[in-house]
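Report on one structure; see the data block that follows.
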Amino acid sequence: MLLLAMGLLMLYGAGLGIRRAAMESQYQLLGRDIPFTLESAIEYRRVKMIFDTGRMPEVDTWIQHPEGVTVRETYEFGSEYLRAALAKCLPPAMSVSARLRWIEPAWFSLGIPFLAIWIGVWRRNWAAGFVAGAFYAVT
C-alpha cells in the first residue's frame, strides 16, 4: 500500500510539475502578469469576490452593465468557495492571481491519481492504472 501511495503521489507531482513548467515558459514568453482569458477572468472574479467578501453578489453589474447578471441563475458554481479558502491558506505576500495560478494546476492534477486508481480497480491491473495516469500526467 505504501508503494501504491508513493506511486500515486509521484504521478501527481509529475503532472503538477509539468503544468507549472508550462506556466513558467509562458511567464518567460509573456511576462509575469499574464492576462486571463474571458472565461478565466470571470472565474477569477468570482473567486476574488468570495476571497475578499466571503460571498457572491446576487447581481453582478460588472459583467453586463448596467442591468447586471443574476449570478445564481446564470452560472454554475461551488468550487469557488473552496478555491477562495485554499487561496487564503497560501502566503499573503502572493497576489490572489498568483495563488490561483498555483491552485488551478494543483486542482486539475488531482485527476491524475484518481484516473490511475480508477483504471487500476476497473481493469484489476495497477500497472495499467499507472500507465494511464502517467499518460494523463504528460498530456
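When reading the values below, keep in mind they use all heavy atoms of this one structure, side chains included, and skip hydrogens, waters and symmetry mates.
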Roughly how far, to the nearest 0.5 Å, is the OH atom of Tyr136 from the CZ atom of Phe114?
12.0 Å

Please say yes or no: joined through hydrophobic side-chain contacts below 4.5 Å, possibly via intermediate residues, are Leu86 and Tyr44 part of one cluster?
yes

Compile the donor-acceptor pairs under 3.5 Å between side chains in residues 116-133 and protein atoms, sequence neighbours left out, one pair per line.
| unit_1 | atom_1 | unit_2 | atom_2 | d |
| --- | --- | --- | --- | --- |
| Asn125 | OD1 | Ala127 | N | 3.0 |
| Asn125 | OD1 | Ala128 | N | 3.2 |

Around Leu30, counting heavy atoms of other residues, nucleotides and ligands shown, do more than 12 lie under 6.0 Å from its CG?
yes

Contacts of type side chain to side chain contact (heavy atoms under 4.5 Å, CB included), residue Ala22, not counting sequence neighbours
none

Do the side chains of Leu11 and Leu2 join up, straight or via other hydrophobic residues, at under 4.5 Å, putting them in one cluster?
no

Treat each ILVMFWY residue as a node, draw an edge where side-chain heavy atoms are under 4.5 Å apart, and state whether Phe135 and Met10 are in one component.
no

Note: Ala137 and Arg19 closest approach over all heavy atoms is O-NH1, 2.9 Å

Which residues satisfy the side chain to side chain contact (heavy atoms under 4.5 Å, CB included) test with Gln28, sequence neighbours excluded?
none

Show me the donor-acceptor pairs within less than 3.5 Å that the side chains of residues 106-113 make with the rest of the protein, sequence neighbours left out.
| unit_1 | atom_1 | unit_2 | atom_2 | d |
| --- | --- | --- | --- | --- |
| Ser109 | OG | Pro105 | O | 2.8 |

Sorted by chain and number, sequence neighbours left out, salt bridge (Lys or Arg N to Asp or Glu O under 4.0 Å) with Glu24 holds for Arg20, Arg32

Is any side-chain heavy atom of Asp60 less than 4.5 Å from a side-chain heavy atom of Arg46?
no

Residues forming a side chain to side chain donor-acceptor pair (under 3.5 Å) with Ser79, sequence neighbours excluded
Arg83

I'd like to check Ile103 versus Val47 (side-chain heavy atoms, cut-off strictly below 4.5 Å). Are they in contact?
no

Is there side-chain contact between Met1 and Leu4, with heavy atoms separated by less than 4.5 Å?
yes

Are Arg99 and Phe51 side-chain neighbours, meaning at least one heavy-atom pair lies under 4.5 Å?
yes

Linking I/L/V/M/F/W/Y whenever any side-chain heavy atoms sit under 4.5 Å apart, do Met49 and Tyr81 land together?
yes

Note, Ile34 side chain near Arg101 side chain (heavy atom, < 4.5 Å)
yes

The reported gap from CD in Glu80 to CZ in Arg45 (rounded to nearest 0.5 angstrom) is 13.0 Å

Student check: side-chain heavy atoms of Ile50 and Arg55 closer than 4.5 Å:
no

